[in-house]
Colleague: 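Dropping the structure in here first, questions after.
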Amino acid sequence: MDTYKRIVEKLNSTGIKYEEVDQTAAKNRSVDELVRVTVMTYGDGMSTLFFKNERDEYIVILRRDDRNVRTQEVKKLSGSRSLNFAEENDLEKLGFETGLVSPALLGELQEKFPVKIYIDSMVMDNEKVICGIGREGYGLKIKVEDLLKVLGKYKVAEITEPNLKRQAGVVSKKRILTGDTPSGKLHIGHYVGTLENRVKLQDEYETYILLANNHAYANYFDKSELINQNVYDVFLDNLAVGIDPNKSTIYLESGIPETHVLYSFFLNMVKHSRALRNPSVKDEVRYKKLDPSLGFISYPILQAADILQFNASLVPVGEDQLPVIEQAREIAKDFNKAYGNLFVMPEGRVGRVARLVGTDGKEKMSKSGHNAILLSDDEETLKKKVMSMYTDPNRIKASDKGTVEGNPVFIYHDAFNTNKDEINDLKERYTQGKVGDIEVKEKLFAALNTFLEPIREKRKYYEERPDEAKDILISGTEKARKVVVQTLEKLQSMVGINKLIEKE
Ligand code: TRP
């Protein structure tokens with residue numbers, strides 16, 4: 001049976017989800033060529049390298065394509081004196097067709113041959129990898145945790161060093177694009193839902209943050225003054241929580257008119273019925289009791305343009321936005337299928353608390369729900385909000401046994417109080433009826449205040465330096481626009497939309 005069939009059968013029989021990636025655009029099998037023509041970076045790819053030692057044992061190394069193997073280290077680990085690349089006939093003996101090795105069959109091989117498997121620890125940093133699927137022109141995209149299930153016995157070890165050429169500029173860092181529709185100052189729910197992720201990931205990713213003012217006009221086209229105020233507040237909130245303008249690029253959405261050219265092309269790609277079915281849109285219409293504008297119904301398509309124009313692979317967002325990312329993926333896929341690989345498949349990433357309850361115990365914190373603690377709240381406002389928070393409604397006196405689960409005060413403690421011993425002590429006493437609400441809330445206030453203090457300070461820094469803030473936004477928008485212009489030009493030439501007026 002051919003390699004590919006065996007792999008597919010194996011994966012299907014274990015119920016593991018995987019994706020077959022079309023790499024047929026590549027002219028040869030070199031990793032450089034794959035990266036050049038397909039939607040991946042070196043760090044996404046994983047190679048399966050077969051060596052043979054002096055005892056005719058096979059040593060298999062799985063390493064990311066942006067790393068080089070340190071052979072000495074592997075020798076030591078595997079107790080080998082010499083290591084040579086396995087030859088064509090060795091691989092054939094193991095059951096692979098020429099050039100079509102895949103890690104998916106390694107578990108089986110171990111049952112028949114002396115095979116030792118070492119995975120470079122850097123592989124474990126990836127959520128998914130793209131590796132061989134035993135079929136010419138195609139790759140296997142699989143979650144690392146799922147791949148491990150079919151490997152049999154293996155060891156994770158530090159056996160590589162960076163491949164400097166591949167890491168330096170040949171292919172740049174992966175990108176993040178994210179942002180907020182400005183509807184006022186951001187709150188602590190935004191922080192745990194997405195802001196925190198942005199700040200954390202800005203070192204690792206080339207990060208673009210958009211201030212989505214076009215999206216705001218879809219809600220109220222005639223309120224530009226309000227929108228500008230809201231945009232500015234969201235801008236300051238992003239800086240305040242630690243988006244570093246030296247690392248990340250913050251830009252104003254409307255400052256890149258090319259986005260609308262992409263957007264209007266994408267509008268043709270999405271069926272009307274599909275747009276109306278989008279759960280993010282439907283939920284918001286219901287929740288805010290909107291009579292939505294056409295712009296609002298199609299905001300996920302504008303958002304797809306926001307994301308795809310940067311070829312962003314990661315989009316940190318709140319949970320409610322995941323269906324919007326799904327829409328962007330569909331557009332990317334359909335475009336790539338029709339005209340060739342242009343767009344990277346973006347993935348959403350939700351923060352550690354997907355949906356933070358409001359201070360009133362309602363399911364979701366929101367500014368319009370008047371149940372939000374703002375990142376910019378001063379100490380006094382914070383204290384008022386915390387001290388009047390909803391807790392366990394069945395608990396009347398401090399000596400009543402209280403419920404911790406689902407109790408907003410404890411949810412906030414868990415999310416923002418860094419003193420875990422204090423939380424555990426409070427929870428214990430609360431369930432036993434040995435602590436009053438006041439003490440629990442006062443400690444929560446203290447924890448939140450400590451959390452907000454540096455954020456307020458940074459906000460103040462930029463509030464006092466409006467020129468510096470403005471420069472950040474101007475230069476960010478200029479920089480981001482250059483990237484978008486490139487993408488648009490590529491798209492237009494792939495589509496051939498202007499062929500008839502092109503000068504030779
Ligand atoms: N719709 C998002 C929100 O309501 C804001 C947004 C616009 C966005 N464009 C985006 C988020 C692109 C992530 C990526 O907050």
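Whatever order the structure lists them in is the order used to number ligands and atoms, beginning at 1. The basis for the numbers below is simple: all heavy atoms, side chains too, and nothing from hydrogens, waters or symmetry mates.
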Colleague: At under 4.0 Å between heavy atoms, is it the side chain or the backbone of V324 that contacts ligand 1, or both, or neither?
Modeller: neither
Colleague: Tell me the contacting part of T178 for ligand 1: side chain, backbone, both, or neither, using a 4.0 Å heavy-atom threshold, strictly below.
Modeller: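 T178 to ligand 1: contacts from backbone and side chain alike.
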Colleague: Which atoms of ligand 1 have any heavy atom of A212 under 4.0 Å away?
Modeller: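 Those qualifying, in numeric order: 7 (C).
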Colleague: Given 3.5 Å as the limit, does a donor-acceptor pair link the side chain of R349 with the main chain of V315, or not?
Modeller: no
Colleague: Looking only at protein heavy atoms, which one is nearest to atom 4 (O) of ligand 1, and how far off is it?
Modeller: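 The closest one turns out to be T181 OG1, 3.3 Å.
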Colleague: Would you mind checking which non-hydrogen protein atom is closest to atom 1 (N) of ligand 1, with the distance to 0.1 Å?
Modeller: Q303 OE1, 2.7 Å
Colleague: Would you kindly check if the NZ (Lys) or CZ (Arg) of R465 is within the cone defined by 45 degrees around the ring axis of Y462 and under 6.0 Å from the six-membered ring centre?
Modeller: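 Output no; distance or angle outside limits.
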Colleague: Between F310 and Y251, is the ring-ring contact (aromatic ring centres under 6.0 Å, His included) condition met? List the steps.
Modeller: CA-CA 13 Å; F310 290 100; Y251 77 95; 5.6 Å; yes
Colleague: Considering only heavy atoms of D180, which atoms of ligand 1 have at least one such atom less than 4.0 Å away?
Modeller: 5 (C), 15 (O)
Colleague: Kindly say whether S366 contributes a backbone atom to a donor-acceptor pair with the side chain of N371 at under 3.5 angstrom?
Modeller: yes
Colleague: At a 4.0 Å threshold, what atoms of ligand 1 neighbour a non-hydrogen atom of V317?
Modeller: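 Result: 13 (C).
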Colleague: Short list, please: which atoms of ligand 1 are under 4.0 Å from a heavy atom of Y299?
Modeller: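 Checking each atom against Y299, I get 1 (N).
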Colleague: Cation-pi check for F445 against K383: NZ or CZ below 6.0 Å from the six-membered ring centre and within 45 degrees of the axis, yes or no?
Modeller: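 Pair K383/F445 counts as cation-pi.
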Colleague: Rounded to the nearest 0.5 Å, what separation is found between the CG atom of N449 and the CD atom of E442?
Modeller: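 Result: 12.5 Å between the selected atoms.
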Colleague: Taking the six-membered ring for Trp and the single ring otherwise, decide whether the centroids of F335 and F266 are under 6.0 Å apart.
Modeller: no
Colleague: Give the residue, atom name and distance (to 0.1 Å) of the protein heavy atom nearest atom 2 (C) of ligand 1.
Modeller: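 The closest one turns out to be Q321 OE1, 3.3 Å.
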Colleague: Considering only protein heavy atoms, which is closest to atom 7 (C) of ligand 1, and at what distance to one decimal place?
Modeller: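 Closest protein heavy atom to atom 7 (C) of ligand 1: H215 NE2, 3.4 Å.
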Colleague: Does D306 reach ligand 1 with a nitrogen or oxygen that is under 3.5 Å from one of the ligand's nitrogen or oxygen atoms?
Modeller: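 Yes - when backbone and side-chain N and O of D306 are compared with those of ligand 1, one distance drops under 3.5 Å.
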Colleague: Do Y263 and S298 have side-chain N/O donor and acceptor atoms under 3.5 Å apart?
Modeller: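 Per modelled atom types, Y263 and S298 side chains form a pair under 3.5 Å.
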Colleague: Mark up the atoms of ligand 1 that fall under 4.0 Å of a heavy atom belonging to V315, in ascending order.
Modeller: 13 (C), 14 (C)
Colleague: With heavy atoms under 4.0 Å as the rule, classify the contact between E253 and ligand 1 as side chain, backbone, both or neither.
Modeller: neither
Colleague: Considering only protein heavy atoms, which is closest to atom 14 (C) of ligand 1, and at what distance to one decimal place?
Modeller: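 Its nearest protein heavy-atom neighbour is L177 CD1, 3.5 Å.
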Colleague: Please walk me through it: do R355 and E363 pass salt bridge (Lys or Arg N to Asp or Glu O under 4.0 Å)?
Modeller: CA-CA 8 Å; R355 182 177 293 221; E363 195 196 350; 2.9 Å; yes
